[in-house]
Amino acid sequence: MLPIRDCVRQTPGYTPGEQPQGEGFTKLNTNENPYPPPPEIFQTLPAQLEKARLYPDPVSTELRKAAAEVYGIPSDRILAGNGSDDILNIALRTFVNPGETVAFLDLTYSLYETIARVHGANIVEFRTNEKFELDRPVICPEANLIFLASPNPPLGKHLHREYLEETCARASGVVLIDEAYVDFSDENHLDFLDRHENVIISRTMSKSYSLAGLRVGFGLSSRAIIEQMDKVRDSYNLDRIAQTLATSALQQNEHFREIWRKVRATRERLIASLRESGFVVFDSEANFVLASPSWIAASDLYTELKERKVLVRYFKHPRIRDHVRISIGTDAEIDRLLDAIQEIQATR
Ligand code: PMP
């Protein structure tokens, strides 16, 4: 028998969205950004490729400086991660012993549960109300770490700001606010960092900065927390290419702001069109929407769309009726989706 830890054996593992290998898909399933980064950022690439023989900067100095400019906090309060998933894992390994408690909402990013299980942590799921919102602060005195995403998938709405802040004020452990989707909304929680030493905010360059393939994320927190998390990360957790391209991308913030505006406009158009076509759609402040068709099972819609080479994510959860989650594409991609939906509707 292999000495596999029980908690690993018993965990089904995380199922990421499909990454189709064939060509020709309209890919609206994993919340990537449909617009490419500006080509200028690739100018720094040849110099880095020439240095491929050498290890990268272990502490991502230039990247953290660029992030400090964008987020308005000193770079020694920022940890760079191999995607923001890396930051979530580092937080877990910094603050939670196996057997100790991690809390998160009953409907949220499913990776929290996977990594907590694999870590051997005790899990507390905090129940949201009938609208899947936070209607009171998360009070869980035994939790060393609370993961809260705002905007919160799969719905895509921000959590109630006052309850979130009260959660931070009353927590005896650390609260990680996952802001993966925040750039597609009007608010963020960076100001919490001024008032609460126990808060970590995670950010990613996968969605709003069009760099999902490079795996770059950040943890922003107090110096006391970053100093400890820095000991836990892998020795060279970001490669040269990721560091250099992500640094250049952060320096092109205006380019991305324009993209965020476009994504938001397309999101509102998609929500309106889906509602006209007989879908129940949750309002969203992210780059995806969760929608449930009234005239077809969501699983059949997913399959029929896939047959037409439009890929969305089928979403099933005990608390919520079956849905499809649709990432916001370009206007042309969303038109393709809406045409495919009309075609399927005509066959019913
Ligand atoms: N947090 C949330 C809430 C997400 O939905 C995702 C995307 N799967 C991530 C974090 C991970 O982002 P990254 O690509 O930076 O690891």
Side-chain angles (χ1 to χ4, degrees), residues 13-19 27-34 37 60 63-64 67 70-71 78-93 102-116 128 132 134 145-159 164 175-185 188-189 200-220 229 233-234 237-239 242-243 245-246 249-250 256 263 267 282 284-290 311-315 317 323 325-328:
Y14 178 69
T15 315
E18 296 161 86
Q19 301 298 340
K27 190 170 177 305
L28 304 173
N29 68 331
T30 48
N31 302 342
E32 288 133 338
N33 195 314
S60 304
L63 175 61
R64 288 189 301 112
V70 170
Y71 301 131
I78 301 178
L79 182 73
N82 189 250
S84 57
D85 287 348
D86 191 25
I87 300 294
L88 308 179
N89 264 302
I90 293 171
L92 192 58
R93 285 159 54 215
V102 177
F104 42 82
L105 302 185
D106 56 352
L107 196 63
T108 188
Y109 182 29
S110 60
L111 188 77
Y112 304 150
E113 180 174 348
T114 304
I115 61 176
T128 49
F132 312 105
L134 197 59
L145 179 62
I146 304 177
F147 286 125
L148 291 168
S150 189
N152 186 37
L155 273 64
K157 288 272 288 176
H158 268 298
L159 300 177
L164 200 49
V175 181
L176 188 149
I177 304 176
D178 180 341
E179 291 195 334
Y181 300 102
V182 82
D183 288 326
F184 304 105
S185 79
N188 64 55
H189 307 88
I200 304 166
I201 290 185
S202 62
R203 292 284 183 105
T204 176
M205 298 197 69
S206 298
K207 293 126 199 321
S208 48
Y209 287 91
S210 307
L211 292 179
L214 294 187
R215 314 300 301 125
V216 180
F218 300 102
L220 319 176
M229 288 175 72
R233 68 172 168 77
D234 287 350
N237 62 338
L238 275 95
D239 68 41
Q243 287 188 37
L245 293 184
L250 285 172
F256 290 102
V263 167
R267 174 182 75 203
F282 288 97
S284 167
E285 296 170 276
N287 67 338
F288 56 83
V289 301
L290 191 69
L311 210 52
V312 298
R313 185 130 183 204
Y314 170 60
F315 186 84
H317 187 277
H323 282 73
R325 193 196 64 192
I326 304 167
S327 308
I328 306 304

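Counting convention: from 1, in listed order, for ligands and their atoms alike. Position 1 is the first residue of the sequence, and the numbers go up from there.
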Any sub-3.5 Å donor-acceptor pair from E179's side-chain atoms to I201's backbone N or O?
no
Does the side chain of T204 come under 3.5 Å of the side chain of K207 through a donor N or O and an acceptor N or O?
no
Pairs of nitrogen or oxygen atoms, one from ligand 1 and one from the protein, closer than 3.5 Å: please tabulate them with distances.
residue  : atom   : partner : partner atom : Å
ligand 1 : 1 (N)  : D178    : OD1          : 3.2
ligand 1 : 1 (N)  : D178    : OD2          : 2.6
ligand 1 : 5 (O)  : Y181    : OH           : 2.6
ligand 1 : 8 (N)  : Y109    : OH           : 3.2
ligand 1 : 12 (O) : S84     : OG           : 3.2
ligand 1 : 14 (O) : S206    : OG           : 2.6
ligand 1 : 14 (O) : R215    : NH1          : 2.7
ligand 1 : 15 (O) : S84     : N            : 2.6
ligand 1 : 15 (O) : S84     : OG           : 2.8
ligand 1 : 15 (O) : T204    : OG1          : 2.5
ligand 1 : 15 (O) : S206    : OG           : 3.4
ligand 1 : 16 (O) : S84     : N            : 3.2
ligand 1 : 16 (O) : D85     : N            : 3.0
ligand 1 : 16 (O) : D85     : OD1          : 3.4
ligand 1 : 16 (O) : D85     : OD2          : 3.4
ligand 1 : 16 (O) : R215    : NH2          : 2.8

Using the test ring pair (Phe, Tyr, Trp, His ring centres under 6.0 Å), find all partners of F256 that sit at least two apart in sequence or belong to another chain.
Y209
List the residues meeting ring pair (Phe, Tyr, Trp, His ring centres under 6.0 Å) with F288, not counting sequence neighbours, and say none if there are none.
Y181
Would you tell me whether D86 and N237 have side-chain atoms, one donor and one acceptor, within less than 3.5 Å of each other?
yes
Partner set under ring pair (Phe, Tyr, Trp, His ring centres under 6.0 Å) for Y109, not counting sequence neighbours
Y112
